[in-house]
K.L.:
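Quick one: this structure, given as structure tokens, is what I'll be asking you about.
Within every chain, numbering begins at 1; the chains are lettered A, B, ... in the order of the sequence lines, protein sequences first and strands thereafter.
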Amino acid sequence: MSEISAPKGVRDILPEESWKWAYVFRVFRETAEDFGYSEVHLPIFEHTELFARGIGDTTDVVEKEMYTFLDKGERSITLRPEATASMVRSYLEHRMGALPQPVKMWCTGPMFRYERPQKGRFRQFWQVDFESLGSPHPYADVEIISLSLEAFRRLGLSHLEVLINSVGCPECRPAYRKTLSDYFSSRIDELCETCRSRLERNPLRILDCKRESCRSVTEDAPAVYESLCGECRDHFDMVRAGLDGTGTPYRLDKRLVRGLDYYTKTAYEVLSGALGSQNAVCGGGRYDNLAEAIGGPHVPGVGFAAGVDRILMVMEQQECSFGTEPSIDVYGVALDRDSRAGILHILDLFRRNGISADMDFGGRSMKAQMKSASARKARLACILGESELERGTVTVKDLDSGEQKEISADSIVEEVQKILSAVKD
RNA sequence: GUGAGCGUAGUUCAAUCGGUUAGAGCACUGGACUGUGGCUCCAGAUGUUGGGGGUUCGAGUCCCCUCGCUCACCCCA
């Protein structure tokens, strides 16, 4: 409609929404603290190579979804499509291998992918990203899964489905790959065109296919579990035992895969039926070979990323609580030029004493100002006019009860503080 | 990148078969109530009907192009 608009796939988070976002971040921050994760702030762009190696240069994300450009020094730069690679880079760069392991960190911020937007999908979207680096122990996996579910529980999300699987490791995956490709070859007629090409490059991805025809084929596909090596099988068993021990409901999904070599062992996703076809609110797993893939030493790791935009959508649909909507304590109402100067001064005193306050500078009618006070959900209106100025007082009106009284201007801060704390209790 | 649907005040939506000055609710502003919000009533302001071209005596309505939005595919948060 207007020429003035944000680019495709990005959006503004406006005041009516932003306080809800703040609530979600607060819950994740508190949950992080309860699980011993420290917050870090990472750059939103990195060398393109980091993602090419850290995500995999044959993935869709890297092949066609990255925002990549040359900077003025002719360096290839990419806006991060996800945070895990940056997190591992940061761990390696700052020699965190010297710290007690695992190093548990989380971060949040916008991610960028060049895709056609649709429900639950944006070109700039927010994730919270948690990573536990340096421990190969299956309980690290359990902790990550528990953490994500605990945060969702605190946010009030319901009807979530947890899917888990193991994708093995470079030891056992070739055998499984062979088993799968033998199986799919035997039923190649029933596969879609893209899956047939996947058969060569990466038969694991066929398990992902959503087409009806392919699904009936993958339905009967041999499960990974049978092909896992001893270590991977033990690991998977312990993860499941850990989840069972904490009473976490989950569903084994043999079709859940991560196609690349540095993804190992545990893979999991959390789905919500409240979204459209982009129904994952959280995805994660183990990536014991990622650090090496980006040129570092061997550092096992496990983590997850949750989509904040999608979480908010689910919360809206399920009418979850977002805590208390921000409001102000006092709205100043001035009836003429002199009282406007007076109320400005009084508001300043309020604000210096931790009482939130606002007013209208426009010289509008008293009725209009009272209306604004209501609209702003102010607890009190402080009214100043000719008669108050003469008497050295301020009229204070409780906007819930409608009661009002005149208070000496000299003790206005103390009196208002009293009223506010009385209302709170 | 592919496909489908939809673009009308700030917003949600009307507008007969193509018919003359594009309307209504909500929100906003003002008033009824010369200094008192929420409820009620009255009044007011707000449009390049996304843009461009075409058909027609006449286009918000039909056709073409374009832009945008939405949903889906691919893939993922």
K.L.:
I'd like the P distance from B/A9 over to B/G50, given in whole Å.
P.N.:
7 Å
K.L.:
Calculate the interatomic distance between A/Phe122 atom CZ and B/C69 atom P; express it in whole Å.
P.N.:
12 Å
K.L.:
Output yes if the stacking criterion (under 5.5 Å between centres, under 30° between planes) is met for A/Trp126 over the base of B/A77, else no.
P.N.:
no
K.L.:
To the nearest Å, give me how far apart CD (A/Glu115) and P (B/C69) are.
P.N.:
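These atoms are roughly 15 Å apart.
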K.L.:
Using a 3.5 Å limit on both distances, find every run of at least three consecutive Watson-Crick or G-U pairs that involves RNA chain B.
P.N.:
B:1-7 with B:67-73, B:10-13 with B:23-26, B:28-32 with B:40-44, B:50-54 with B:62-66
K.L.:
Is there a donor-acceptor contact under 3.5 Å from the side chain of A/Glu316 to the main chain of A/Met313?
P.N.:
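Not at all, since once roles are kept as given, no pair shorter than 3.5 Å links the two residues.
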K.L.:
Would one find a side-chain N or O of A/Lys8 under 4.0 angstrom from OP1 or OP2 of B/C69?
P.N.:
yes
K.L.:
Out of B/G37, B/G1, B/G30, which nucleotide sits closest to the side chain of A/Met370?
P.N.:
B/G37
K.L.:
Which whole number of Å gives the distance between the C1' atom of B/C13 and that of B/A22?
P.N.:
13 Å
K.L.:
Assess whether one donor atom and one acceptor atom, taken from the side chain of A/Arg116 and the base of B/U2, lie less than 3.5 Å apart.
P.N.:
yes
K.L.:
Salt bridge or not for A/Lys20 and A/Glu17, using N-O below 4.0 Å?
P.N.:
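No salt bridge links A/Lys20 with A/Glu17.
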K.L.:
Between B/G52 and B/C67, how far apart are the two P atoms, rounded to whole Å?
P.N.:
15 Å
K.L.:
What's the gap between B/G37 and B/G30 when it is taken at their C1' atoms, as a whole Å value?
P.N.:
16 Å
K.L.:
If you pin A/Ser365 and A/Thr395 to their nearest nucleotides in RNA chain B, which one's is more 5'?
P.N.:
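This one resolves to A/Ser365.
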K.L.:
Does a distance-only test, which skips hydrogens and angles, find a donor-acceptor pair under 3.5 Å between the side chain of A/Gln278 and the base of B/A72?
P.N.:
no
K.L.:
How many whole angstroms separate atom CZ of A/Arg121 from atom C1' of B/U2?
P.N.:
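Interatomic distance, CZ of A/Arg121 to C1' of B/U2: 13 Å.
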K.L.:
Quick one: does any side-chain atom of A/Ser90 pair with a main-chain N or O of A/Ser86 as donor and acceptor, under 3.5 Å?
P.N.:
no
K.L.:
If you measure from the C1' atom in B/G25 to the same atom in B/U70, how many Å do you get, rounded?
P.N.:
24 Å
K.L.:
Is the distance between the ring centroids of A/Tyr287 and A/Tyr262 less than 6.0 Å?
P.N.:
no
K.L.:
Round to the nearest Å and state the distance from A/Gln118 atom CD to B/C73 atom C1'.
P.N.:
8 Å
K.L.:
Considering heavy-atom distances to RNA chain B, does A/Ile383 or A/Tyr114 have its closest nucleotide positioned more toward the 5' end?
P.N.:
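Final value for this comparison: A/Tyr114.
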K.L.:
A/Ile311 CD1 to B/A77 C1': how many Å, rounded?
P.N.:
9 Å
K.L.:
The side chain of A/Lys371 is closest to which nucleotide in this list: B/G37, B/G30, B/A77?
P.N.:
B/G37
K.L.:
Between B/G31 and B/U36, how far apart are the C1' atoms? Round to whole Å, please.
P.N.:
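The answer is 15 Å between these two C1' atoms.
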K.L.:
With a 4.0 Å cut-off on heavy atoms, is A/Glu403 in touch with a base, just the backbone sugar-phosphate, or nothing at all?
P.N.:
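Touches nothing.
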K.L.:
Which of these, A/Leu163, A/Ile164, A/Val162, sits in a side-chain contact (heavy atoms from CB on, under 4.5 Å) with A/Arg251?
P.N.:
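Going through A/Leu163, A/Ile164, A/Val162 one by one, the side-chain contact (heavy atoms from CB on, under 4.5 Å) with A/Arg251 is satisfied by A/Leu163 alone.
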K.L.:
For B/G23 versus B/U49, give the span between their P atoms, rounded off to a whole number of Å.
P.N.:
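Here B/G23 and B/U49 have their P atoms 14 Å from each other.
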K.L.:
Look at the aromatic rings of A/Trp106 and A/Phe130 and report parallel, tilted or perpendicular, splitting at 30° and 60°.
P.N.:
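Ring orientation of A/Trp106 relative to A/Phe130: parallel.
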K.L.:
Is A/Lys397 side chain donor-acceptor paired with the B/G37 base, going by distance under 3.5 Å alone?
P.N.:
yes
K.L.:
Specify the separation, in whole Å, of atom CD of A/Glu131 and atom P of B/A77.
P.N.:
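Rounded to whole Å, this separation is 11 Å.
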K.L.:
Without decimals, in angstroms, what is the distance between A/Arg376 CZ and B/C28 P?
P.N.:
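Taking atom P of B/C28 as the reference, CZ of A/Arg376 is at 14 Å.
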K.L.:
Looking at B/G37, I'd like to know if its phosphate oxygens (OP1 or OP2) sit under 4.0 Å from a side-chain N or O belonging to A/Lys367.
P.N.:
yes
K.L.:
Looking across every strand, which nucleic acid part, if any, lies under 4.0 Å from A/Ala280 by heavy atom: base, sugar-phosphate, or nothing?
P.N.:
sugar-phosphate
K.L.:
Is it true that A/Glu115 and A/Arg123 make a salt bridge, defined as a side-chain N closer than 4.0 Å to a carboxylate O?
P.N.:
no
K.L.:
Can you tell me how far C1' in B/U61 sits from the matching atom in B/C17, rounded to whole Å?
P.N.:
11 Å
K.L.:
Applying a 4.0 Å non-hydrogen cut-off, can you work out what A/Ala368 is touching in the nucleic acid: base, sugar-phosphate, or nothing?
P.N.:
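Here A/Ala368 touches the backbone only, sparing every base.
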K.L.:
Looking at A/Gln404 and B/U36, is any side-chain donor or acceptor paired with a base atom of the opposite kind under 3.5 Å?
P.N.:
yes
K.L.:
To the nearest Å, how far apart are A/Asp336 CG and B/U34 P?
P.N.:
16 Å
K.L.:
Quick one: do A/Ile419 and A/Leu380 satisfy side-chain contact (heavy atoms from CB on, under 4.5 Å)? Show the steps, please.
P.N.:
CA-CA 9 Å; A/Ile419 295 169; A/Leu380 303 174; 4.0 Å; yes
K.L.:
List the steps, then state whether side-chain hydrogen bond (donor to acceptor under 3.5 Å, both in side chains) holds for A/Thr324 with A/Tyr23.
P.N.:
CA-CA 9 Å; A/Thr324 321; A/Tyr23 174 75; over 6 Å; no
